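The chain is numbered in sequence order, starting from 1. For clarity, every value in this text was computed on a predicted model and none was experimentally measured.
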Amino acid sequence: MLAISSDARFHTPTYFFLSVLSTADIGFTSTTVPNMVWDIHTQSRNISHAGCLVQLSLYVHFECLECIILGVMAYDRFVAICHPLHHQIIMNPGLCGRLLLGSICISLLDSQLYSLMMSQLIFCSQVWKSITSFVTPPQLLSLASGDIFTDNLIIYFIVAIVGGFPVSGIFNSYTKIVFSVLRISSKAGMSKAFCTSGSHLSVVGLFYGTAMGVYLSLADSHSPPKQAVASVMYTMVVPMLNPFIYSLRNQDIKRVFQKFLSRTFSLNCYVYN
């Protein structure tokens, strides 16, 4: 984020959405990791009802935001590769702002729907003590008392809508990108097009792959180790890897970041001297 904001060459739609993705990663990890670390330090698993709902709301909000932004970034890649001369015109600041605002509004609505639904669930006191600092809708539903069939249907419907549309957009965008790239006669141009899309596809694969692992492992209540590994991968490892994937595969970002670090180091040396 510092590298992108410090250089005017990166003030483009592609890097704008990359900064939004980084912000979502920061919010996603900040929602769960501090509580995890505190629980490990204190050996305590307790979380209040209000704290659980707040954490769940923020968790779902940033999860949904990242999901939608990945779909928006796929559309941006499609425009940049298939319509390079019109990229700046199509992805103008007004459209980028509306896409970001729409993503935030949908994420907020999704998180509030989950919070409202989970607030209606009933938990016995003994079951509530087993809830950890990492809470997800499937986990809470599995611990709730009473009939949860309707709640399960609602969750599946929300996941199908919120997750299905970005996935469909990503698949459609990259299908058109592949057909467009295959028509490029230059091998250098073809390699560059695939290279610029490789980072985004890596992040998409990591995010959706670990998300499926989390929800599938949480459905298996008899496998706590699998739940722990999947949760750590989803909430800590993937957000940590995203900046490395985009930075290590992008020579421009590496050069600007090195220049930024050298300038900061020189300033610190001057101040201390």
Side-chain angles (χ1 to χ4, degrees), residues 17-18 20-29 31-32 53 55-78 98-118 121 134-142 148-177 197 199-220 226-227 229-239 241-242 245-246:
F17 290 117
L18 180 56
V20 176
L21 181 68
S22 300
T23 305
D25 282 336
I26 292 173
F28 193 44
T29 54
T31 300
T32 54
L53 291 179
Q55 180 175 309
L56 179 69
S57 177
L58 293 173
Y59 169 86
V60 172
H61 169 67
F62 288 112
E63 179 188 38
C64 180
L65 180 61
E66 184 156 353
C67 181
I68 297 174
I69 289 299
L70 287 174
V72 172
M73 291 175 72
Y75 175 72
D76 176 71
R77 287 291 83 212
F78 158 71
R98 290 193 295 272
L99 288 172
L100 176 59
L101 181 61
S103 302
I104 294 174
C105 290
I106 293 173
S107 302
L108 285 173
L109 177 62
D110 185 38
S111 65
Q112 295 309 306
L113 284 174
Y114 272 107
S115 297
L116 179 63
M117 183 169 56
M118 295 303 162
L121 298 178
F134 179 77
V135 288
T136 62
Q139 181 188 27
L140 287 178
L141 278 178
S142 65
I148 58 172
F149 178 76
T150 304
D151 298 295
N152 272 317
L153 287 181
I154 294 174
I155 282 187
Y156 290 142
F157 178 75
I158 294 175
V159 170
I161 296 296
V162 176
F165 277 104
V167 170
S168 301
I170 293 171
F171 179 78
N172 185 49
S173 295
Y174 277 102
T175 300
K176 294 180 179 179
I177 287 173
S197 302
S199 300
H200 181 256
L201 283 175
S202 301
V203 172
V204 168
L206 277 172
F207 179 79
Y208 284 102
T210 53
M212 290 180 61
V214 166
Y215 281 87
L216 290 177
S217 67
L218 289 174
D220 184 7
K226 289 184 180 180
Q227 294 179 11
V229 172
S231 301
V232 170
M233 283 290 297
Y234 189 48
T235 58
M236 297 179 64
V237 178
V238 173
L241 288 178
N242 286 352
I245 292 172
Y246 276 105

Participant: Please report the closest heavy-atom contact between S173 and A74, naming both atoms and the distance.
Facilitator: CB-O, 3.6 Å
Participant: What is the distance from atom CG of L100 to atom OG1 of T23, rounded to the nearest 0.5 Å?
Facilitator: 9.0 Å
Participant: Which is it for L21 and E66 under the side chain to side chain contact (heavy atoms under 4.5 Å, CB included) test, yes or no, and what are the steps along the way?
Facilitator: CA-CA 6 Å; L21 181 68; E66 184 156 353; 3.5 Å; yes
Participant: Once rounded to the nearest 0.5 Å, what's the spacing between atom OG1 of T32 and atom OH of Y59?
Facilitator: 7.5 Å
Participant: Looking at CD1 of I170 and SG of C67, how far apart are the two atoms once the value is rounded to the nearest 0.5 Å?
Facilitator: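 If I round to the nearest 0.5 Å, the distance is 7.0 Å.
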Participant: Report the C-alpha separation of H200 and I245 in whole Å, then their side-chain angles, then the decisive distance to 0.1 Å, and conclude whether the side chain to side chain contact (heavy atoms under 4.5 Å, CB included) test is met.
Facilitator: CA-CA 9 Å; H200 181 256; I245 292 172; over 6 Å; no
Participant: Strictly distance-based, threshold 3.5 Å: is any side-chain N or O of S57 a donor or acceptor partner for the main-chain N or O of L53?
Facilitator: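 Looks like no, no N/O pair under 3.5 Å.
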Participant: Look up atom CD1 in I154 and atom CG in L116, then write down how far apart they are to the nearest 0.5 Å.
Facilitator: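 With rounding to 0.5 Å, CD1 (I154) is 9.5 Å from CG (L116).
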Participant: Any idea which heavy atoms bring L65 and S103 closest together, and the distance?
Facilitator: CD1-CB, 3.8 Å
Participant: Which value, rounded to the nearest 0.5 Å, describes the distance between F62 atom CZ and T29 atom OG1?
Facilitator: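 With rounding to 0.5 Å, CZ (F62) is 9.0 Å from OG1 (T29).
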Participant: Might you point out which heavy atoms bring L56 and Y114 nearest each other, and give the distance in Å?
Facilitator: CD2-O, 4.4 Å
Participant: Quick one: does S111's side chain have a donor or acceptor within less than 3.5 Å of a partner on L108's backbone?
Facilitator: yes
Participant: For a quick test of reading the model, state the closest non-hydrogen atom pair linking F207 to E63 and the distance between them.
Facilitator: CZ-O, 3.7 Å
Participant: Under a 4.5 Å cut-off applied to non-hydrogen side-chain atoms, are L70 and P166 in contact?
Facilitator: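 A side-chain contact is absent here, since even the closest heavy-atom pair is not under 4.5 Å.
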Participant: Heavy-atom distance under 4.5 Å between the side chains of V72 and D76, does that happen here?
Facilitator: no
Participant: Quick one: pull up CD1 in I69 and CD1 in I104 and give me the separation to the nearest 0.5 Å.
Facilitator: 7.5 Å
Participant: May I have the step-by-step check of side chain to side chain contact (heavy atoms under 4.5 Å, CB included) for F28 and V238, ending in yes or no?
Facilitator: CA-CA 11 Å; F28 193 44; V238 173; over 6 Å; no
